[in-house]
S.K.: 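This is the structure I want to talk about, given as structure tokens.
All ligand and atom numbering here is 1-based and tracks the order in the structure.
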Amino acid sequence: MNTLKNLFSPITINKMELPNRCVIPPMGTNLGNRDGSVSDANLAYVKRRAQSGAGLFITEITGVHPSGTIGLSVADDKFIPGLKEMARAIHQAGAKGALQLHHAGREAYDQLRKGTALAPSAIPSLVYKIAPKEMTLDDIHEITRSFGQAAGRAREAGFDAVELHAAHGYLLAQFLSALSNQRTDQYGGSLKNRARFVIEVIAEVRKTVGNDYPVLLRISAEEYIKNGYTVEDMQTILPDFVNAGIDAVHASVGTHGSPGGITSAPLHFEEGWNAWRAEKLKEVTDLPVIAVGRFSDPRLADAVIARGSADLIAFGRQTLADPDFLIKAKESRFDEIRKCLACNQGCIERLMLEPGRSIRCAINPETGQELVYPRKPAPESKKVWVIGMGPAGLTAADEAARLGHQVTLFEKEEDAGGQIRYASKAPGKQIYAEWINWLIRQVKSKGVQLKTGTTVTGEILSTSKMDAVILATGSKVYRPDIEGSNQPLVCDALQILGGQVPPGKNVVIIGGGFTGMETADYLAERGSAVTIVEALDRSPVSKATGQGYILHKRIKEARCKLLFNVQVKLITANSVVLISHGEEFVLSVDQVVLATGAVPNQVLKEALKEKGVPYYIVGDARRVRRIIEATEEGAEAAWSISR
Ligand SMILES: Cc1cc2nc3c(=O)[nH]c(=O)nc-3n(C[C@H](O)[C@H](O)[C@H](O)COP(=O)(O)OP(=O)(O)OC[C@H]3O[C@@H](n4cnc5c(N)ncnc54)[C@H](O)[C@@H]3O)c2cc1C
Ligand SMILES: Cc1cc2nc3c(=O)[nH]c(=O)nc-3n(C[C@H](O)[C@H](O)[C@H](O)COP(=O)(O)O)c2cc1C
């Protein structure tokens, strides 16, 4: 029985009738062709998402003018055929489509390098630190016209609506912000003046598309940066946008440079955390308002609509993690939903921090690979052994079983999960354990034979029969050769997180990487006084990632000390002797925790070579990295066996 009657009730935006209140918000993919046209990979990705059952699919940023295009383009008629295909793919899946119209302004890297990037003022990009050109009045009029022309092309391509991207620090948002707009003419100064460009763009688009065509406006309801504009500012100006001709408001948050990447909030932000800003906008308009921000449970989305905080809910990263989650929700199969971890590894941080790479999802190997993802069962059902029940092994087993193989999955410990058994103990990371539980339910439901508490040895391999082996044995803790490291006060980070060793009072953690920092967070929450010592001259945990930013913040707030350029000379029964810049110093401690990394565990490799069956080494067993590489390689191994 479907209980989500609010989420699955119809709504109309202008004349566009939507069967439900579920929206897929715009998400850049970097799957398009280099010239900005739609590629087959784009179409396959869009089709898969549109099949989710969401009423409205909003496309990724699509540039209205060459000076601000950083992905797909609608700046010329030549792009219409590809966009037509995209609109058709959305319609065939039963959804309505809106094209997101975009100009990157000072956040367009190629244009910044060429000196052609435009912005309200010549203030450097927050991301690339290069200054754009201040727009002349002629530039402003040209870009305004280009928004109108682009909207006309969107309509011609068959899209049911357009969304104007005035959020996240791109050109329209740059005008709205007093930080990036320091003009002294009628487009700068007061909030009304700064909003003039957006209002003129809305009016131009409305003039082009006529009164019946839906025009959505996406804003950051709060700039979420020091001295940035506030929700109250947006409440003041929204009526002017409404009067200029919009039909719905999409209430996002944040800008480039907002701390912690909160536009796609990391996991320490609670689900639906941004909905209150949508509610604030609803106070000043009767138009439909879309809420967005870490919605992954459709029941919460339903409740947010029920309490009147928003009219529609956008599910972004959740549709990357599980494009079928709405279908499952409609049938009350909530346990089957693969919930987004908000880790940002495969999606926003991959696009922003790993230039040239296209979209993926750390826990869904299909995402961004829709063209190569095998959908039919393997031609021959093989007997596959998967060794190790961490992310790599579980994903490999799940994919191999999905493709019709007879899979046996081994784990030497009593519990599955590999390193996630420890990772999920760090504050806020319980959702990782839920993901492992989801994977276990999946493999069981597909008939995989699970053998926990079973260490696979070379002997077992040599005397057993199988057609292929996936070696997903992860890593082994690396213990450096430090004098005194056999003292009773020394343990490793996994022993702390796993609960085998209780927290000490005065603790030194050796190693300031992710594991060291998360262990510090865990210990601090339990009242330990923690000092982290790191040999490098800066933190290996980058604040550029959401997870890294939050971790640094929490460590600082918990008053953990973080010392760099420090070598450990000696551990005694109650102290550590450290060296920094040639100077020795001593810390009195009752616990020393090693967080000094891990090395691949490939002990079965030689036995597999001898065995002569095809084998694949995946995840940390190949090289110690992250979950995204583990799941990707696990899936690829299963796909290779199936070819
Ligand atoms: C504290 C901590 C926090 C982390 N946080 C993150 C994070 O936030 N994001 C991220 O991307 N990564 C994180 N990682 C890293 C991530 O957990 C690993 O990259 C990932 O688990 C690797 O997956 P895997 O399946 O390759 O190996 P593992 O997770 O190590 O799993 C290997 C499994 O194989 C089993 N095994 C080994 N030998 C045998 C054998 N002979 N027979 C049977 N079973 C065997 C092991 O017992 C283990 O369960 C974290 C790691 C730690 C320790
Ligand atoms: C990979 C990725 C690409 C994104 N690209 C866009 C974009 O093109 N336009 C836009 O307005 N927002 C973009 N966003 C922001 C999302 O639309 C959404 O507001 C954000 O992810 C928060 O929603 P979620 O928590 O449901 O993911 C992107 C987010 C992700 C994860």
S.K.: State whether a side-chain donor-acceptor pair under 3.5 Å links T29 with E60.
M.R.: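 Judged by distance alone, the side chains do pair up.
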
S.K.: Nearest heavy atom to atom 21 (O) of ligand 2: which of G293, S264, G346, A166 does it belong to?
M.R.: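 Heavy atom nearest to atom 21 (O) of ligand 2 belongs to S264.
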
S.K.: How does I359 reach ligand 2, if at all, at less than 4.0 Å between non-hydrogen atoms: by side chain, backbone, both, or neither?
M.R.: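 Side chain only; the backbone of I359 stays clear of ligand 2.
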
S.K.: Atom 6 (C) of ligand 1: which of R626, Q547, K429 has the nearest heavy atom?
M.R.: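 Answer by nearest heavy atom: K429.
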
S.K.: Just go through P600, A472, G458, G634 and tell me whose heavy atom is the nearest to atom 32 (C) of ligand 1.
M.R.: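 Heavy atom nearest to atom 32 (C) of ligand 1 belongs to A472.
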
S.K.: If you apply the rule side-chain contact (heavy atoms from CB on, under 4.5 Å), what do you find for L604 with I387, and how did you get there?
M.R.: CA-CA 10 Å; L604 294 173; I387 309 174; 3.9 Å; yes

S.K.: For atom 29 (O) of ligand 1, state whether the nearest protein heavy atom is under 4.0 Å away.
M.R.: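 At least one protein heavy atom is under 4.0 Å away.
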
S.K.: Would N344 and Q547 count as a side-chain contact (heavy atoms from CB on, under 4.5 Å) if you check the C-alpha gap in whole Å, the side-chain angles of each, and the deciding distance to 0.1 Å?
M.R.: CA-CA 9 Å; N344 288 345; Q547 207 178 335; over 6 Å; no

S.K.: So if I count the atoms of ligand 2 from 1 in the order they appear, which ones are less than 4.0 Å from some heavy atom of Q100?
M.R.: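 Per the distance check, 7 (C), 8 (O), 9 (N), 10 (C), 11 (O).
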
S.K.: Which atoms of ligand 1 sit under 4.0 Å from any heavy atom of I387?
M.R.: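 That gives atoms 40 (C), 42 (N), 43 (C) of ligand 1.
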
S.K.: Out of I61, L320, I58, whose heavy atom is nearest to atom 8 (O) of ligand 2?
M.R.: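 The residue whose heavy atom sits nearest atom 8 (O) of ligand 2 is I61.
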
S.K.: What is the nearest protein non-hydrogen atom to atom 3 (C) of ligand 2, stated with its residue, atom name and distance?
M.R.: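 Result: G28 N, 3.2 Å.
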
S.K.: Under the salt bridge (charged side-chain N to carboxylate O under 4.0 Å, His left out) rule, what pairs show up with a residue in residues 258-271, not counting sequence neighbours?
M.R.: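 Pairs touching residues 258-271 that pass the test: E271-K339.
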
S.K.: Please determine if E518 and K429 form a salt bridge, counting it only when a charged side-chain N lies under 4.0 Å from a carboxylate O.
M.R.: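 A salt bridge is present here (some side-chain N lies under 4.0 Å from a carboxylate O).
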
S.K.: Considering heavy atoms of the protein only, find what lies nearest to atom 26 (O) of ligand 2 and give residue, atom and distance to 0.1 Å.
M.R.: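 The protein heavy atom lying closest is G316 N, 2.8 Å.
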
S.K.: Taking only heavy atoms of Q345, which atoms of ligand 1 are found under 4.0 Å from at least one of them?
M.R.: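 Taking each heavy atom of Q345 in turn, ligand 1 has 9 (N), 10 (C), 11 (O) under 4.0 Å.
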
S.K.: Would you mind telling me if ligand 2 is within reach of the side chain of H102, the backbone, both or neither, using heavy atoms under 4.0 Å?
M.R.: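 Neither; nothing of H102 gets under 4.0 Å from ligand 2.
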
S.K.: Quiz question for you: does at least one protein heavy atom lie closer than 4.0 Å to atom 13 (C) of ligand 1?
M.R.: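 Neighbour list for atom 13 (C) of ligand 1 is empty of protein heavy atoms (cut-off 4.0 Å).
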
S.K.: At under 4.0 Å between heavy atoms, which part of Y432 makes contact with ligand 1: side chain, backbone, both or neither?
M.R.: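 Contact part for Y432 vs ligand 1: side chain (C-beta onward).
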
S.K.: I need the atoms of ligand 1 closer than 4.0 Å to a non-hydrogen atom of E518, numbered in the order shown.
M.R.: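 Answer for ligand 1: 3 (C), 5 (N).
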
S.K.: Of the listed options (A173, P26, G272), which comes nearest to atom 28 (C) of ligand 2 when hydrogens are ignored and any heavy atom counts?
M.R.: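 Among A173, P26, G272, the closest heavy atom to atom 28 (C) of ligand 2 comes from P26.
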
S.K.: Parallel, tilted or perpendicular: which one describes the rings of H102 and H165, with boundaries at 30° and 60°?
M.R.: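 Tilted.
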
S.K.: May I ask which of A630, A392, G453 has a heavy atom nearer to atom 25 (O) of ligand 1 than the others do?
M.R.: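 Residue with the shortest heavy-atom distance to the ligand atom: A392.
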
S.K.: N/O of V456 under 3.5 Å from N/O of ligand 1, yes or no?
M.R.: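 By distance alone, the answer is yes.
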
S.K.: Ignoring angles and geometry beyond distance, decide whether E60 reaches within less than 3.5 Å of ligand 2 through its nitrogen or oxygen atoms.
M.R.: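 Looking only at distances, the answer is no, because the N/O contact criterion of under 3.5 Å is not met.
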
S.K.: If you measure from CD on Q369 to CG on N364, what distance do you get to the nearest 0.5 Å?
M.R.: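 It comes to 9.5 Å.
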
S.K.: Any nitrogen or oxygen of R625 lying under 3.5 Å from a nitrogen or oxygen in ligand 1? Just yes or no.
M.R.: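 Yes; at least one N/O pair falls below 3.5 Å.
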
S.K.: Please list, in number order, the atoms of ligand 1 under 4.0 Å from a heavy atom of T454.
M.R.: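 Going through ligand 1 atom by atom, the ones under 4.0 Å from T454 are 42 (N), 43 (C).
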
S.K.: Please tell me if the side chains of S296 and F325 come closer than 4.5 Å, counting only heavy atoms from C-beta onward.
M.R.: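 No, side chains not in contact.
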
S.K.: For ligand 1 and Q419, I'd like to know whether there is a polar contact (N/O to N/O, distance under 3.5 Å).
M.R.: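 There is such a contact, yes.
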
S.K.: Under a 4.0 angstrom heavy-atom cut-off, which atoms of ligand 1 come close to I420?
M.R.: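 This gives 17 (O) as the contact atoms.
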
S.K.: With heavy atoms of N601 as the reference, note each atom of ligand 1 found under 4.0 Å away.
M.R.: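 Listed by number with element: 37 (C), 38 (N).
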
S.K.: Which is it for L497 and ligand 1 at heavy atoms under 4.0 Å: side chain, backbone, both or neither?
M.R.: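 Near ligand 1, L497 shows its side chain, while the N, CA, C and O stay back.
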
S.K.: Does a sphere of radius 6.0 Å around CZ in F269 hold more than 12 heavy atoms from other residues, nucleotides or ligands, not counting ones at 6.0 Å or beyond?
M.R.: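 Correct, the count exceeds 12.
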
S.K.: For ligand 1, is there an N or O atom under 3.5 Å from any N or O atom of I627?
M.R.: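 So ligand 1 has an N or O lying under 3.5 Å from an N or O of I627.
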
S.K.: Give the atom numbers and elements of ligand 2 that come within less than 4.0 Å of a heavy atom of T263.
M.R.: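 Answer for ligand 2: 20 (C), 22 (C).
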
S.K.: Quick one: look up the protein heavy atom nearest atom 2 (C) of ligand 2 and list residue, atom name and how far away it is.
M.R.: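 For atom 2 (C) of ligand 2, the nearest protein heavy atom is I348 CD1, 3.7 Å.
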
S.K.: Could you walk me through whether C560 and I555 pass side-chain contact (heavy atoms from CB on, under 4.5 Å), step by step?
M.R.: CA-CA 5 Å; C560 297; I555 292 293; 3.6 Å; yes

S.K.: Pick out which of R625, Q419, Q602, R623 makes a side-chain hydrogen bond (donor to acceptor under 3.5 Å, both in side chains) with S475.
M.R.: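 Exactly one option meets the side-chain hydrogen bond (donor to acceptor under 3.5 Å, both in side chains) with S475, and it is Q419.
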
S.K.: To which of M27, R218, H165 does the heavy atom nearest atom 12 (N) of ligand 2 belong?
M.R.: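 When every heavy atom of M27, R218, H165 is considered, R218 comes closest to atom 12 (N) of ligand 2.
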
S.K.: Tell me whether T519 reaches ligand 1 (any heavy atom closer than 4.0 angstrom to a ligand atom).
M.R.: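 T519: no contact with ligand 1 (<4.0 Å).
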
S.K.: For the residue pair H256 and Y170, is the inter-centroid distance of their aromatic rings smaller than 6.0 Å?
M.R.: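 Between H256 and Y170, the centre distance is under 6.0 Å.
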
S.K.: To which of P391, G388, G390 does the heavy atom nearest atom 23 (O) of ligand 1 belong?
M.R.: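 Ranked by closest heavy atom to atom 23 (O) of ligand 1, first place is P391.
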
S.K.: Quick one: which ligand 2 atoms are inside 4.0 Å of a heavy atom on P25?
M.R.: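 Listed by number with element: 17 (O).
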
S.K.: Using 4.0 Å as the upper bound for N to carboxylate O, is an ion pair formed by E370 and R48?
M.R.: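 Looking at E370 together with R48, the answer is no, because their closest N to O distance does not fall below 4.0 Å.
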
S.K.: Could you tell me the separation between the CG atom of D620 and the CD atom of E629, rounded to the nearest 0.5 Å?
M.R.: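 Between atom CG of D620 and atom CD of E629 there are 8.5 Å.
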
S.K.: Checking contacts here: is it the side chain or the backbone of I628 that comes within 4.0 Å of ligand 1, counting heavy atoms only? Could be both or neither.
M.R.: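 For I628, there is no contact with ligand 1 at all, from either part.
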
S.K.: Within ligand 2, which atoms have a heavy atom of R294 less than 4.0 Å away?
M.R.: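 Atoms satisfying the 4.0 Å criterion: 24 (P), 25 (O), 26 (O).
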
S.K.: Between E633, E411, R623, flag the one that comes closest to atom 48 (C) of ligand 1 by a heavy atom.
M.R.: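 Considering heavy atoms of E633, E411, R623, the nearest to atom 48 (C) of ligand 1 sits in E411.
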
S.K.: With under 30° as parallel and over 60° as perpendicular, where do the rings of W385 and F410 fit, or are they tilted in between?
M.R.: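 Geometry flag for F410 against W385: tilted rings.
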
S.K.: Determine whether the side chain, the backbone, both or neither of V292 has a heavy atom under 4.0 Å from any heavy atom of ligand 2.
M.R.: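 The answer is the side chain of V292.
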
S.K.: With heavy atoms of T455 as the reference, note each atom of ligand 1 found under 4.0 Å away.
M.R.: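 Taking each heavy atom of T455 in turn, ligand 1 has 41 (N), 42 (N) under 4.0 Å.
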
S.K.: Can you name the side-chain contact (heavy atoms from CB on, under 4.5 Å) partners of A362, sequence neighbours left out?
M.R.: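 Checked A362 against side-chain contact (heavy atoms from CB on, under 4.5 Å); matches are C343, Q345, I627, I628.
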
S.K.: Looking at ligand 1, does L394 have a heavy atom less than 4.0 Å from it?
M.R.: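 Judged by the 4.0 Å heavy-atom criterion, L394 does not count as contacting ligand 1.
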
S.K.: Which is it for V249 and F241 under the side-chain contact (heavy atoms from CB on, under 4.5 Å) test, yes or no, and what are the steps along the way?
M.R.: CA-CA 9 Å; V249 187; F241 298 151; over 6 Å; no

S.K.: State the atoms of ligand 1, each with its element, that fall below the 4.0 Å cut-off from a heavy-atom position in T473.
M.R.: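 Near T473, meaning under 4.0 Å from one of its heavy atoms, ligand 1 has 32 (C), 34 (O), 37 (C), 38 (N), 39 (C).
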
